[in-house]
Amino acid sequence: MDEAAGPSTPHRRGRPGSADRSAERSPGAPGSAVHQGYGDINQAGRDLVVHLPLPAPLPPPRQLPPDIRHFTGRSADIARLDAVLSQNGGGGPGPVLVSAIAGTAGVGKTALAVHWAHRVRERFPDGQLYIDLRGHAGGLPVEPAEALRTFLTALNVPPAQVPTTLAERQALYRSKLDGSRVLVVLDNAATPKQVRALVPNSPSCLVLVTSRSDLAGLVALDGAQRVTLGLLPPDEAVALLRRIVGAERMDSEADAAAALAGACACLPLALRIAAERVAARPHSSLADLLDELEADRLDTLGVHDDPAAAVRVIFSWSYQVLAPDQAHLFRFLGLHPGPDIGLQAAAVLVGAAPDRARRLLRGLAGVHLLEETGPDRYRFHDLLRDYAAERAETEEAETDRAAAVHRLLTWYLHTADAADRILVPPRRHVLLDPPEASSRPLSFTTRRQALDWCEAERANLVAAVRSAAEEGLDALASQLPVAMVGYFYLRKPWGDWTATHEVGLAAARRSGDRRGEAWLLCNLADAYYDLGRPQEALTHYRQGLAIAREIGDRWAEGFALHGIGAAGAALGRPEDSLINYRQALAIAREIGDRWAEGFALNNLAGVKHMLHRSEEALDDYEEALAIRREVGDSWAAGTTLHGLGDVHQDLGRHDRAAELYQSALATRREVGDRHGEAESCYRLGDALHASGSPEAARASWQQALALFEALDDDTLAGVVAVRLRDRPDPPTTTDKGTSM
């Protein structure tokens with residue numbers, strides 16, 4: 001009983017009598033057999049579990065989007081990424097940042113990242129993870145925690161086992177990738193914070209990030225390496241069009257193809273949209289699409305069945321997240337007429353202090369809505385410029401837009417005039433009203449500063465003249481070319497010289513500005529004279545002379561007489577030129593203008609040289625040189641020194657001629673007179689050759705040839721090339737005189 005009662009004792013805690021029923025069960029009873037049967041089944045189950053095969057492991061993630069069809073170019077960028085990959089045998093702890101330049105939207109960051117990722121995917125056998133973080137695509141960016149949940153699921157973590165907190169997800173993610181070779185592509189990132197949580201700590205992994213922001217913190221603090229994308233070079237842009245449109249159509253309209261690439265600003269997204277549109281219209285020409293683009297580029301570069309792919313929409317994603325003051329500057333920059341803009345001009349345009357404008361400009365450059373091209377200089381690409389102008393027209397009041405443009409153009413005028421007064425200080429300058437505080441111009445203390453500003457702003461100044469005329473600001477349109485003429489004399493950009501003066505002349509005539517009309521006529525004639533078109537020059541000088549006499553402007557009258565004399569000499573009438581120059585000299589002395597007097601004497605010397613009255617020419621040149629040094633006109637002094645060299649060279653005094661040419665050359669270099677520098681190098685070579693120094697002569701001619709070619713002066717470049725080829729005895733040349 002004791003043995004039987006022992007095991008049954010626990011049951012006594014249950015119902016009464018249960019011990020007796022238990023005791024009735026014997027080894028042969030039915031209840032005992034059932035119990036034994038269950039035991040056999042359990043053992044069989046255990047045997048079955050032990051022998052079942054393990055489930056096949058899930059494949060590693062292969063999440064890359066399809067490779068980009070018709071991918072073109074970017075060889076240097078691909079090489080840079082290849083170099084990053086090879087640095088540590090396939091990756092490193094810091095992410096690689098693929099950013100963009102010149103507006104970025106549509107520049108092909110994702111295309112490059114995906115294309116390159118496909119090229120190297122075999123280097124990452126443990127998988128490739130990809131996610132669009134939607135940092136600049138409208139709506140809300142993907143939160144790091146959500147991105148980690150997506151990645152962990154792709155890495156075969158059951159959804160129920162994905163932790164709930166960001167820190168726990170990050171820890172599990174890094175544990176899963178530890179020691180593996182995985183490529184992680186983070187597309188369209190917004191901030192460094194969004195990226196940092198997704199960077200593995202395994203050096204065998206590589207992270208590729210694209211963003212419209214420069215993500216400077218990721219570079220500075222996390223060791224990211226930046227590959228910055230620009231617009232496609234023109235040849236690669238045409239090649240992309242060719243791959244989509246087809247060689248036959250592109251080759252049949254080669255000029256239109258190049259123009260189409262330019263109209264798309266060489267922006268890959270725009271090129272693809274344009275190319276697909278051409279390809280879908282087999283009976284239309286490239287020229288037809290160009291006409292549509294000219295009418296409205298942003299509308300034409302839309303996609304009817306996919307609005308998210310339209311250029312305007314892509315740009316809007318970056319624009320809509322700007323702070324209000326950044327967006328305001330972005331819009332106003334769309335009103336700027338030139339190809340780029342400096343800090344001071346941007347500050348004037350938006351009515352902000354320079355320091356604040358600099359911060360705003362850098363902010364726009366940081367998200368690649370602007371490209372920083374140099375210290376405090378920025379530019380749009382053309383499509384972004386169109387978009388900014390469109391936003392300005394839509395969101396800014398017409399009066400505010402007009403006031404900003406007027407403020408900017410006034411600033412350009414006054415600053416150009418300030419530069420002109422440094423470059424040619426004694427010459428007559430434009431009479432301007434004092435500038436308003438909002439358009440206070442820059443000031444210059446050296447010629448170098450003034451010349452550098454003119455060089456940097458040349459294209460903007462030309463555009464400003466056209467803009468002033470289009471806006472009906474005729475006074476600005478006629479005054480600005482005159483304020484630029486000192487620079488034009490020094491650098492000889494004849495196309496810009498004639499274009500601005502033709503626009504200014506039309507504006508002066510519309511506004512009835514007779515003095516401005518006379519001045520512009522003579523300035524324009526000077527350009528024609530330099531271009532070897534003396535008859536056209538003479539016509540304009542005579543028109544200017546008639547107006548000057550009509551309004552009683554003695555200075556302008558002398559100006560016109562100088563030009564008539566120079567054109568007459570070029571047309572083979574030196575005796576007439578003597579008369580004109582003497583009249584101009586008399587006027588200069590009458591009004592007490594020493595600068596004009598020096599010009600008259602210089603030109604008299606030149607025509608006397610033509611008439612072989614060399615000693616008289618030397619006397620006039622010496623007097624002109626003394627006056628020009630007296631009034632501080634180094635540019636004009638260089639011209640006179642060169643003329644003296646010509647006379648001595650023709651008199652056979654080659655050593656003295658060489659000395660004078662060298663003095664002229666030094667002076668012209670000092671003032672930045674590049675065309676004058678080329679002329680003096682050329683003539684110095686002649687003097688050195690005649691004096692028995694052929695090698696020195698050759699070196700001087702080579703310098704002259706390089707300068708003339710750089711200045712697009714094909715005529716004189718050809719003359720010097722003959723010198724270098726044949727080394728003939730240099731012919732006698734004469735100075736035809738110069739206009740003012």
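Keep in mind the model is a prediction, meaning the values are calculated, not measured.
- With W497 contributing its side chain and F488 its backbone, the two residues share no donor-acceptor pair below 3.5 Å.
- For the 3.5 Å distance criterion, the side chains of R628 and T640 qualify, holding a donor opposite an acceptor.
- Residues satisfying the ring pair (Phe, Tyr, Trp, His ring centres under 6.0 Å) criterion with H414, sequence neighbours excluded, are absent altogether.
- Put simply, the side chain of D417 never gets that close to the backbone of H429: no donor and acceptor are under 3.5 Å apart.
- Cation-pi geometry between R428 and W595 is not met at under 6.0 angstrom from the ring centre and within 45 degrees of the axis.
- Under the salt bridge (Lys or Arg N to Asp or Glu O under 4.0 Å) criterion, R669 pairs with E677, sequence neighbours left out.
- Salt-bridge formation is not detected for the pair E695/R698: no Lys NZ or Arg NE/NH1/NH2 atom is positioned less than 4.0 Å from an Asp or Glu carboxylate oxygen.
- Here H540 pairs with nothing under the side chain to side chain donor-acceptor pair (under 3.5 Å) rule; sequence neighbours left out.
- Of the listed residues (T415, T410, L413), just one forms a side chain to side chain contact (heavy atoms under 4.5 Å, CB included) with P441, and that residue is T415.
- Ion pairing between R379 and E372 fails under the 4.0 Å rule for side-chain N and carboxylate O.
- Under the rule for a side chain to side chain contact (heavy atoms under 4.5 Å, CB included), the partners of T446 that lie at least two apart in sequence or sit in another chain are R448, Q449.
- Partners of E679 according to the salt bridge (Lys or Arg N to Asp or Glu O under 4.0 Å) rule, which considers only residues two or more places apart in sequence or in another chain, are R668.
- N603 and H562 share a side-chain donor-acceptor pair at under 3.5 Å.
- For the pair A548 and A518, the tightest heavy-atom approach, listed with the atom from each and the gap, is N-CB, 4.4 Å.
- Between W701 and H689, the ring planes are tilted. Angles from 30° to 60° get that label.
- Electrostatic pairing of D474 and R509 does not count as a salt bridge here, judged by no charged N lying under 4.0 Å from a carboxylate O.
- Residues W635 and L423 have side chains not in contact (no heavy-atom distance under 4.5 Å, counting atoms from C-beta outward).
- Ion pairing between a basic and an acidic side chain is recognised when a charged N comes within 4.0 Å of a carboxylate O; D686 and R723 show such pairing.
- Ring pair H642/Y661 is tilted by interplanar angle, where 30° to 60° counts as tilted.
- Of the possible polar contacts, one joining the S511 side chain to the A507 backbone as a donor-acceptor pair under 3.5 Å is found.
- Here R674 does not pair with D713 in a salt bridge; the nearest charged N to carboxylate O distance is not below 4.0 Å.
- The pair E471-R466 does not count as a salt bridge, with every side-chain nitrogen at least 4.0 angstrom from each carboxylate oxygen.
- Scored by the salt bridge (Lys or Arg N to Asp or Glu O under 4.0 Å) test, D576 finds R573 as partners (sequence neighbours excluded).
- In terms of heavy atoms, G504 sits closest to P481 at CA-CG, 4.2 Å.
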